[in-house]
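A note on names: the letters A, B, ... follow the listed sequences, proteins ahead of strands, and every chain is numbered from 1. Nothing here was measured: the structure is a model prediction, and the numbers come from that model.
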Amino acid sequence: MNIIRSTFGALLAGSLLASASVAAEGAQAGKKVIFLGADDICEYCAVYNDQIRKLAAEKGIDLEVVTNKFDPAQQATQVDQAIAKRPDAILLWTIDGTALFPAMRKVQRADIPLLLTDVQPDKAREDLWVQYTGGNYEEQGSKSAQLLINALEAKGKPLEGGVIMITGIVGQAQTISMTKGFTETLADLAPNLEILGAQPGNWDTGTSTQAAAGLFTKYGDEIVGVYAAEDIMMQGVLIAAERAGLDPTEMAMVGGGCEPVGIKNIKAGLQYGTVLQSPVDEATYAVQSIVDLFNGAEMSKSVYVPHPMVTAENVDEVCQPWPTN
Amino acid sequence: MSAATLSRTSGFGGLFAPARVQATVIQIATVVMFLAACAFIENFASASNISSILYAASTVGIAAVGLASVTISGNLFALSLGSTAAFASIVYIAASGWGVLPALAASVALGLVFGLLQGLVVGWLRCNAIISTIAAGSLIAGLATWVSDGRTVLAEGGPSWLGSGTLIPGVPWQAVLFLLIVIVGEVLMQRTRAGWELRLRGTNPDAAELAGLRVTRMVVLSYVLAGAGAAIAGALIAAQSGTGNLRVGADLDFSAIAAMLVGGVAIGGGRGRIIDVASGTLFLAVLTNILLVNNFAYEVQLMVKGLAVLVAVTAGALLARKKR
Amino acid sequence: MSAPILSARGLKKSYGGVRALRGMDIDLAEGEIHGLCGENGAGKSTLVKILGGLVEPDEGELGIGGMQVELGTPVDPALLSIVHQELSIIPHLSVLDNVMLGARDVGRIYRRGPFRAHVRQVLDSVGLEHVSLDVQAETLPLAERQLIEIARGIARGARVLLLDEPTATLSDGEIEKVFAVMRRLKAEQGTTIVIISHRLNEIFALTDRVTVLRSGQHVMTANTAELTNARLVEAMIGHELQTGEIAPSQAREGVAPRLSLTGWSLPGRFASLELDVQPGQIVSLVGQLGSGADTLLESLAGLHPARGALSLDGKAATPRGIAEAYAAGIAYVSEDRAKRGVFLEAAIGTNLVSQILDRVSRNGWMVSSDVRERATQLAQNFAIDPARLPHDVSTLSGGNQQKVSLGKAAALGPRLLLLNEPTRGVDIGARAEIYAQLRRLAEADGLTILFYSTDLEEVLDASDRIVTFYRGAMVRDALRPQMDADAILHDILHGPDTPNTEAAA
Amino acid sequence: MKTLAENPLLALRWLLLLGMAVIFTAANSYFPAAGNIFALGESFALLGLVALGLALTILAGEFDLSGGAMVAVSGLIMLKCGADNAVLGLLAALAFGGLVGLFNGIVTLKLGVSSLVTTLGVMILLSGFAVWLEGGQAINFENYDLTDAFNMDWFGVLSPRSVITIVLFVVTGLMLAFTRMGRDIIAAGSHRKAAGMAGADVRGAVVTTFVLSGLFAALAGALLAITLGRASSTFGANLLLQGASAAILGGVALSGGVGRPFGVAIGVLVLAVLNNGLGLIGASSPAILLLNGGVLLIAVLAGGAPATWLRARLA
């Protein structure tokens, strides 16, 4: 936290300054790319935004960052705006998984190459974009299920009993995919583990605390494992468990993201593990995607960032602390 | 007791006077609902579940008490509570190295300053109350984003007594703080000159002005209290989780408004007491907890909450009319 | 008598436990002017609202123009139209729209053109020649809004026109114009007019017949010509009443003035004036709207930034705001009781002490014994039932609300009390009580009282000294015994006698 | 100077609008480009309809908090009922919006309580209903012909949505100025009791504004769903506060009876241009929040004591 970090001018047009051209090699240098991303109010997004600005500048890409307060309607108009500016490419973080197909069609008709990041829409429409780089939410959910089973095994518990889920905001594409991946894998690998209840934690610690507290009251000792889609929500689950007098080390506590608070909890032994999704990785992949595009490299439709399972054993090697500036 | 001698709330009949009937009904409903849940829902009466209800009620309730001073003084409501709480959560965690009380004091100071500025804009410069607080909410959120750079701040060390300590099992310190604030608020509002002036201002702003009451000061005061309430709520949320970020207090504005209105505070000003805010908050917290404990789907929870607001207000209006 | 144009039978209406009307019959003849008298709470307003279809009675029948009317649904304004006591003028609509509001002959698409000429003519007839049709009503003074409301009733061409205290806010000159229109409507169009008024002289001057209500019941209907003032009052209150008039006290020699104004002026509102008033004197400021008399009163309370010097008991005390006025010992009672005078939704006791909170509190904490004591004492002084102290002011009648408003100001223990329309909308009985209380304050405490009123009866009944105004300038300053109604009317309508003044132009 | 003296807020809106247009054009040459004007029109269409409905209820002395939540619900209804037949979906969404408006109006009038309270309940209820309708699924719209039709542009700048919105603004303006209902709406908001006594159709006026507010919000939601090809319970979350800001910025007084659709349109434009321009120059999140707050603060100061002081000085 640095209060006097930037002047108001830099604040207003941070992206323009950040993209001041640095001598860089490759066909991408000097190309104009518009990145339509998410607002800094979400920490993950803030790290991603900082990172992509930095990496693009290194590569000499003229990157313009436009953020969005998780409002698909606003993002659709931002796509219109971006097309009007005739950039060499558009990099799009679709706030809502599928809301932007019509807007993507406009980009296609305008003959502007479209790259996607972070949120992967329905693959049936992948003719609309050149490449997706980023997380695979269904895989993340699936890995979380796997990790939960590993945790029970590691603790020497049978694969039976109840599991509760704390999900993201209801209706979001990520939430839908992660939930799907988790439930399907769990049903496949451990049919005797029953999902007792699921409540949204809205990517927020406080909401997750209340939601988990309710489920702990209802199911109490029946619960052998908890899946929270994000580490900051697992933090809420841990608080609720402590209040309910439950020992988190006795349960399979699985989060997601390998966020700073998750690293802390894993090291403290309160949380068994998490599944990595790093904003640094995602931003790096996205910039690579831009570089590949302009250098005529072969582009596969989907490139996923790695989602290794993380436990106390490998947390230090896998999870890099999020950079601050 | 001056409040009792000069208002219709005295005596048993006063509880059901038109102006008080909604508040009384909600108080009874809260108790009945609570007892029924204790009897019929397994584990509901457990210490951990009671404390979970109290944690949820304390944060929203403290913000709602502050907000109520704005409403009772006749300025409808403030929409800057959420961002004030978010900023306060960040300040609390950043300052938590100094200890719990200094960190709490730092957050409250922040809330006081933001409240004071809004109070001056609304009270002294006589600007539109709603838009001023929407503008303030946006400005505060902007400052908080700038200062925090969007990052979650984590507390050093383990949980503090304010975050997870209890007086007795089931009664967290946060609930004690809430109770204290309600009592102090109630006494200030009913028994002090400033409280009387604030309520009279809400009843009739023009008459209060012509009666020479200190209306500007009262309006400023109400926003200062609202800012402080929101900041304490933010600090408490931060203390619970050991984290502070911009998402804290995302639903605080409308939760606090709903709690206050359900409790029987009139949106038009002048009517309602601080204890009503507490009972409205507890009513919604118990209701939410019952739904959560029974694992009702999120959509059902929302719809029941919406219905509760509608029914409480409808019943209040109908009963008040019948009494007339 | 030919078949009545309006005939009501057995109207009953209760609000909760209160029986507002207990079986009321009334017949109105075509083309008569009919006075409706009764104290506040007698049921006049309820009757009017039932006749207009705004309130549904519990029982009863109503026929207008030979047709049975469905009770509780608004009556066609072309048949019966009401001019309400509370202003029903919409601030944000134009004068034209206000006059046309509620008319039934306006289509869904509202074409204003065809109505302009007619509305213009009606406005001219009530003395609003100078008011444009397109100006927003909120920009007009209270009296002009009342005239627009009367114009609305007239413009609808109703066969029955009900006027509920139409003159309460009007000056005498305006009242004369309105009455002239009423007489013309009756003569030329055979309109039946019902008028409710507390000003009995109006009843005698205008009406053909009078109906008196008391406690929700019909007491009598009589030809006005056969009535005396005393008989009418007796019918209204059920017993004889000493008039409200109070013997004026004389100015005393050699007593230093309480209030002194030197060079007191407000450019554009009133010209520089000098005025000395002794302790214990009750002075009325009289003038038509725009004469500056009301503005003068308000300026003494610091509500307008006047120039010049104001001193109290020889000490300079020019207030620059209402709070300074109170601190200096000047109290003010507003004419707009509901909006600025009292806190309707707060307890009577709270209201009574609301201006002396600093005196019933210690270090910011209210002292309950002091509150109770002061409130009870004030209630007794102003003839308010102390048992009702915990009840809201809104539960009181207009007269009792006004007593609360006065008590609240008197609680300050001021040296100078300023009253704006001290008894507007207050019935005869309560009026007498208020005048008596003012006199007690003046005599016992040596309080100086200045009031502004548009009610000639009130001016003559309650003052020791009368100061008249015309177009922003003082015309005459005389003791009550030297003044009568004709003199006052002459002053406020025509100004000073000198033929060459501006006023004559 | 005369206008500024008479109504500082009115003049300020224009100053803000023109000032921003000049600054943004100078900062980014794409601001006046056809494609950007088109994008501006789309923002105007969504916020405009919600703000217009809200403004009507404020004009009649009420306040409809449920507009934002209605956008989410109506979008979901549009796509769920209109999967095969878009017209059916649109009609269903509009019917639902109208009925909720009717409910809001009738409950508010019957209870005689502030509509802030009743519509707060309805707002929470509707958000729950939206999540229920969605049922944890992504609701998409496969009729891309219709979507394309709504995304086409006329003369490069106007979309069907913005044209529909402009037409509704004009119609609403005409309705208020030249119909009996319009006059009664202003009367009901300006002085409710007086309007009733004068014989204006107060109940009809109040219910009409709520129904229109519900209809406009439902239309905004349905059209949004068509153009995005998607509906979600998370849509419309920011619209309530923005709509209220736009209406009041547009000169609508919370006390009722004051304000006209034309002013509201300008208020909506101020916010739309501000956010469009900030997005275009790539302003950072804190800058966007601070400038939004700043513009509202300027607008609010123009309605307060500083403006009165200024007016006195200039008059």
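- Between D:Ser43 atom OG and A:Gln81 atom CD the span is 7.0 Å, to the nearest 0.5 Å.
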Review point. Step by step, would you call A:Thr67 with D:Ile288 a side-chain contact (heavy atoms from CB on, under 4.5 Å)?
Key: CA-CA 9 Å; A:Thr67 61; D:Ile288 292 173; 4.1 Å; yes
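- Two residues are said to be in side-chain contact when any heavy atoms from C-beta on lie closer than 4.5 Å; A:Ile176 and D:Glu134 fail this criterion.
- Contacts between D:Phe38 and chain A at a heavy-atom distance below 4.5 Å involve the side chain alone, from C-beta outward.
- Within 6.0 Å of CG on D:Asp84 lie no more than 12 heavy atoms contributed by other residues, nucleotides or ligands.
- Contacts between D:Asn276 and chain A at a heavy-atom distance below 4.5 Å involve backbone atoms as well as side-chain atoms.
- Side-chain contact between D:Ser232 and A:Asp96 is present, with heavy atoms from C-beta onward closer than 4.5 Å.
- The minimum heavy-atom distance linking D:Tyr30 with A:Ala84 is given by the pair CD2-O, 3.4 Å.
- Here A:Arg105 is the residue among A:Gln78, A:Arg105, A:Gln172, A:Lys180 with the most heavy-atom pairs under 4.5 Å with chain D.
- Interface remark: A:Ala73 contributes backbone and side-chain atoms alike to the contact with chain D (heavy atom separation under 4.5 Å).
- Of the listed residues A:Leu36, A:Asn68, A:Asn49, A:Val66, the one with more heavy-atom pairs under 4.5 angstrom with chain D than any other is A:Val66.
- Residue D:Leu289 touches chain A through its side chain alone, counting heavy-atom pairs closer than 4.5 Å.
- Heavy atoms of D:Leu224 lying under 4.5 Å from chain A belong exclusively to its side chain.
- The backbone N or O of D:Glu42 lies less than 3.5 Å from no partner atom in the side chain of A:Thr77, so there is not a single donor-acceptor pair.
- Side-chain contact between A:Phe101 and D:Phe141: absent, with no pair of heavy atoms (C-beta onward) separated by less than 4.5 Å.
- The side-chain heavy atoms of A:Ile169 and D:Thr234, taken from C-beta on, include a pair separated by under 4.5 Å.
- When heavy atoms are compared at a cutoff of 4.5 Å, D:Ser29 does not approach chain A at all.
- When all heavy atoms are compared, the tightest approach of A:Asp40 to D:Ser285 is N-OG, 3.2 Å.
- Look at A:Lys106 and D:Asp153 and you find no salt bridge, because none of the NZ, NE, NH1 or NH2 atoms lies under 4.0 Å from a carboxylate O.
- Residue contact with chain A, scored on non-hydrogen atoms closer than 4.5 Å, involves the backbone and the side chain of D:Asn151 alike.
- Closest of all the heavy-atom pairs between D:Leu228 and A:Pro102 is O-CD, 3.2 Å.
- Neither the backbone nor the side chain of D:Leu47 comes within less than 4.5 Å of any heavy atom of chain A.
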Point to revise | Verdict with supporting geometry, A:Arg109 and D:Asp148, side-chain contact (heavy atoms from CB on, under 4.5 Å) | key: CA-CA 12 Å; A:Arg109 259 177 263 145; D:Asp148 283 348; 3.2 Å; yes
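- Within the 4.5 angstrom heavy-atom criterion, only side-chain atoms of D:Asn238, from C-beta onward, approach chain A.
- At a 4.5 Å heavy-atom cutoff, the contact between A:Asp71 and chain D is made by side-chain atoms alone.
- Side chains of D:Leu280 and A:Lys85 form a contact here, defined as non-hydrogen atoms less than 4.5 Å apart.
- For the atom pair CG (D:Asn275) and CD (A:Gln74), the distance works out to 6.0 Å, reported to the nearest 0.5 Å.
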